[in-house]
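Heads up: the structure comes next, in structure tokens.
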2 protein chains.
Amino acid sequence: MVSSKDVAKHAGVSQTTVSRVLNTPDLVKKPTLDKVMKAINELSYIPNAHARSLVQNKTNTISLLSGPLHNPFFVDTTSAIINYANERGYRVNVQYVNDHKLTEAYATAFENRVDGIILSCILIDDPIFDKLKQMDIPFITYNRKHKNNENFVEIDNFEAGYLSAKHLIELGHKTIAWVGGPLTVSTYNNRYCGFLQAMNDYKLPLSEQYIFNTDTSKQNITHAFQQITKLGSRPTAICAGADSLALNLIDDAIRENIIVPDDLSIIGIDNVDLSHHGLIQLTTVGSISEQNLGYLAISELIKMIENKKNYCVKITEPVKMFNRRTTRKIEIRQ
Amino acid sequence: MVSSKDVAKHAGVSQTTVSRVLNTPDLVKKPTLDKVMKAINELSYIPNAHARSLVQNKTNTISLLSGPLHNPFFVDTTSAIINYANERGYRVNVQYVNDHKLTEAYATAFENRVDGIILSCILIDDPIFDKLKQMDIPFITYNRKHKNNENFVEIDNFEAGYLSAKHLIELGHKTIAWVGGPLTVSTYNNRYCGFLQAMNDYKLPLSEQYIFNTDTSKQNITHAFQQITKLGSRPTAICAGADSLALNLIDDAIRENIIVPDDLSIIGIDNVDLSHHGLIQLTTVGSISEQNLGYLAISELIKMIENKKNYCVKITEPVKMFNRRTTRKIEIRQ
DNA sequence: TTGTAAAATGAATACGTAACCATTTGATGG
DNA sequence: CCATCAAATGGTTACGTATTCATTTTACAA
């Protein structure tokens, strides 16, 4: 592998000058610059980013710990994060973390000495948070937050849960099921609380058999759906804790010949790009902002990295309804 | 940042011993090992991967140059690639490359001295291919291939194009449009050739006004669709060069109140995961294998990296029809 | 006890770059 | 022609690790 020393020898200058040609070309005279550039091209020299990282203590690399891509929310955010970071000159190391391999994922992220970490996989009560703060390396969580209430970008999850329940209630639904994720995750926890609040405000009875706070794997959601269909008095609507879950449930419904929304209304939360598609048209609650949470988070993270100020980011985006085609009035059905 | 020297000093041993504790613990006596481990934990030391890369000339990092995630094909493959690579102990640098910023993307990929490169964005006639070969760094292309016909994993694109046209023809369609990507890309080129061959074999006339080989951005596909709807004698079916395009076209059709498949049959190629969804049920042609191209490519790449043999990978997966709900017989319509 | 080999540890070095400080070259004005 | 100062370049070192080679310690047989 050809190094800057080789270039220096080939051009008849010092390694220092080669370095200057690449980093501060203004400090080097035109003829020497040309000489060095010629050597660089002839040897097709490429600087070694690792060596540079070592001496500069700056890696130009960001570590992204995302949820799995079969969840369309992470499709949108991963895309936004990587594109923005690349534009700003950062490389992005990506890991798709499932909750089993959390600690392992953190370990690999840490030993790479990245400039910043952006993660969605944190739990409310995650001990990793204190470690991250100790390490004095900029980080931000998106979508989820830690109980410490620091360095996060989220939507107003409580309000989102509330609005989605309210929407179904105002359409006349009385028996509404909830299918969400684990309550150890702030996102689902707050959405669920919003849901409960709405049910309470509108004086609708709650029964445990309609409530599923489960692992969000495909199988588990499908299993929850089957439980629901087995019930004596089936709910007429389901509040899903996320668009990803809503899409899963709709798929399950179709497989059971249950027509959405005629037989069953389903509403999601997140307003993922996919939900706009003509074949989907998912009714959902999402951020009023055009920019997704990934974009907001990565732009904040890069600010933190470049300003060297460890100020604390706390962003909660307001939400609104997106009324599409997977929910309808209960009267029509009866 | 705490280094192995700090640990050594704290534990009262040499830096060499610290290194041994982490890499060849069998060579160090139990009591010293314990002493060092204690120091490592107390100082919460994390080895610096960049320094290690520098001395070992091995980065444990792979560079992925993927197409954009709004194309569901790249959702499936990116997911498979990253998960497999992580399992095998490799970090993955991801870039979503659009064709405008190709060279820029390559540059950043190269200066990172990665162990291998996996890319989908190569053109048939891409000068980068020779550069890659020169660099003596393992690489593989997936989905697309270079004219040199080396180091690729693809599906049988010609056959895929042929089968998709044949399917529509056998359903009775006479006027069939083609909407594909640029012919500078092997994938679209071969699919298009397959399409032409089928049209020829079945003696169907071809007219330029039904053929669109265009940039695959959303706007351009929508524009192609609008051109099609403006035609005096509208085609009754569209062969899309990829599922991504098919989904785009279906969305456009719905927006124009054209019913798929009653008014217009649309078939894709790739059989992406999303096409299975109950709301989508896209008729398509895809690999007969369970594993997607990303998985095949990354596993081959890691073999190349670890065997240090620069053997040449040429994999073309056979394809078959997946008959779902976006195509139907022409008779019904008339 | 002594000799000898094996086991355990340490000292020195290389990896490729940027940064710091020292030196040489060139230009300007008196 | 010289003094002065800026511009241009070079020599040396540090970054944090693994590796190579040298040294010390230990174990065991004679």
Side-chain angles (χ1 to χ4, degrees), chain A residues 1-40 43-61 89 91 108 110-115 135 137, chain B residues 1-37 39-40 43-61 89 91 107-108 110-115 135 137:
Chain A
M1 201 92 309
V2 38
S3 74
S4 58
K5 277 183 191 170
D6 301 327
V7 175
K9 195 174 292 178
H10 192 260
V13 299
S14 71
Q15 182 267 327
T16 309
T17 299
V18 176
S19 175
R20 264 194 282 260
V21 166
L22 294 173
N23 298 298
T24 52
D26 295 344
L27 297 183
V28 44
K29 247 200 313 197
K30 189 79 200 311
T32 15
L33 193 138
D34 292 342
K35 224 172 22 175
V36 172
M37 285 307 293
K38 186 161 163 263
I40 287 179
L43 302 180
S44 64
Y45 161 72
I46 295 168
N48 184 323
H50 298 287
R52 182 185 296 153
S53 296
L54 198 55
V55 58
Q56 288 190 325
N57 205 26
K58 166 97 165 102
T59 62
N60 286 312
T61 303
R91 285 174 288 275
T108 39
F110 290 164
E111 58 171 47
N112 227 21
R113 268 338 125 76
V114 291
D115 291 344
M135 289 184 61
I137 170 176
Chain B
M1 201 90 309
V2 38
S3 74
S4 59
K5 277 184 190 168
D6 301 327
V7 175
K9 194 173 294 177
H10 192 259
V13 299
S14 71
Q15 182 266 328
T16 311
T17 300
V18 176
S19 176
R20 264 193 283 260
V21 166
L22 294 173
N23 299 298
T24 52
D26 295 342
L27 297 182
V28 46
K29 249 199 310 195
K30 188 78 199 313
T32 15
L33 193 137
D34 292 341
K35 225 173 19 178
V36 172
M37 286 308 292
I40 286 179
L43 301 181
S44 65
Y45 161 72
I46 296 167
N48 184 323
H50 298 286
R52 182 185 294 151
S53 295
L54 198 55
V55 58
Q56 287 191 325
N57 206 25
K58 166 99 165 99
T59 63
N60 287 311
T61 302
R91 284 175 286 276
T108 40
F110 290 163
E111 58 171 48
N112 228 21
R113 267 339 124 77
V114 292
D115 291 344
M135 289 184 60
I137 170 175

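Taking atom CG of B:D6 as the reference point, atom C1' of D:dC15 lies 12 Å away to the nearest angstrom. Atom NZ of B:K35 and atom C1' of C:dT9 are 10 Å apart (whole Å). Rounded to a whole Å, the CG atom of B:N60 is 15 Å from the P atom of D:dT17. Between the CG atom of A:L27 and the P atom of C:dG26 there is a distance of 18 Å, rounded to whole Å.
Residue B:S53 is out of contact with every strand shown, counting any heavy-atom pair closer than 4.0 Å.
Comparing the start and finish of the helix from C:dT1-D:dA30 to C:dG30-D:dC1, five pairs each, the helix axis swings through 40°, to the nearest 10 degrees.
In terms of heavy-atom proximity, B:V2 sits nearest to B:Y45 at O-CD1, 3.4 Å. Residue A:T32 comes nearest to A:V13 through the heavy atom pair CG2-CG1, 4.3 Å, listed as atom of the first residue, atom of the second, then distance.
Counting heavy atoms from C-beta outward, A:V114 and A:I137 have side chains that approach closer than 4.5 Å. With contacts defined as side-chain heavy-atom distances shorter than 4.5 Å, the pair B:L54/A:L54 qualifies.
Screening residues 44-56 of chain B for salt bridge (Lys or Arg N to Asp or Glu O under 4.0 Å), with sequence neighbours left out, gives A:E111-B:R52.
Summarising the geometry, atom CZ belonging to A:R91 is positioned 12.5 Å from atom CZ belonging to B:R91; distances are rounded to the nearest 0.5 Å. Rounded to the nearest 0.5 angstrom, A:I46 CD1 and A:S4 OG are separated by 13.5 Å.
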Q: Sugar-phosphate means primed atoms, P, OP1 and OP2; the rest is base. With that split, encode nucleotides 15-21 of chain C 5' to 3' as B, S or - using protein heavy atoms under 4.0 Å.
A: BBBBBB-
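A salt bridge does not link A:D34 with A:K38: every distance from a Lys NZ or Arg NE/NH1/NH2 to an Asp or Glu carboxylate oxygen is 4.0 Å or more.
A:D6 is linked by a salt bridge (Lys or Arg N to Asp or Glu O under 4.0 Å) to nothing, counting only residues two or more places apart in sequence or in another chain.
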Q: Step by step, work out the side chain to side chain contact (heavy atoms under 4.5 Å, CB included) result for A:K58 and A:N60.
A: CA-CA 6 Å; A:K58 166 97 165 102; A:N60 286 312; 3.3 Å; yes
Distances under 3.5 Å only, N/O to N/O: pair up the protein atoms with those of nucleotides 4-6 of chain D.
none

Anything under 3.5 Å between a donor and an acceptor, one on a side chain of residues 19-28 of chain A, the other on a protein residue two or more places apart or in another chain? List them.
from  : atom 1 : to    : atom 2 : distance (Å)
A:S19 : OG     : A:N23 : ND2    : 3.4
A:N23 : ND2    : A:S19 : O      : 2.9

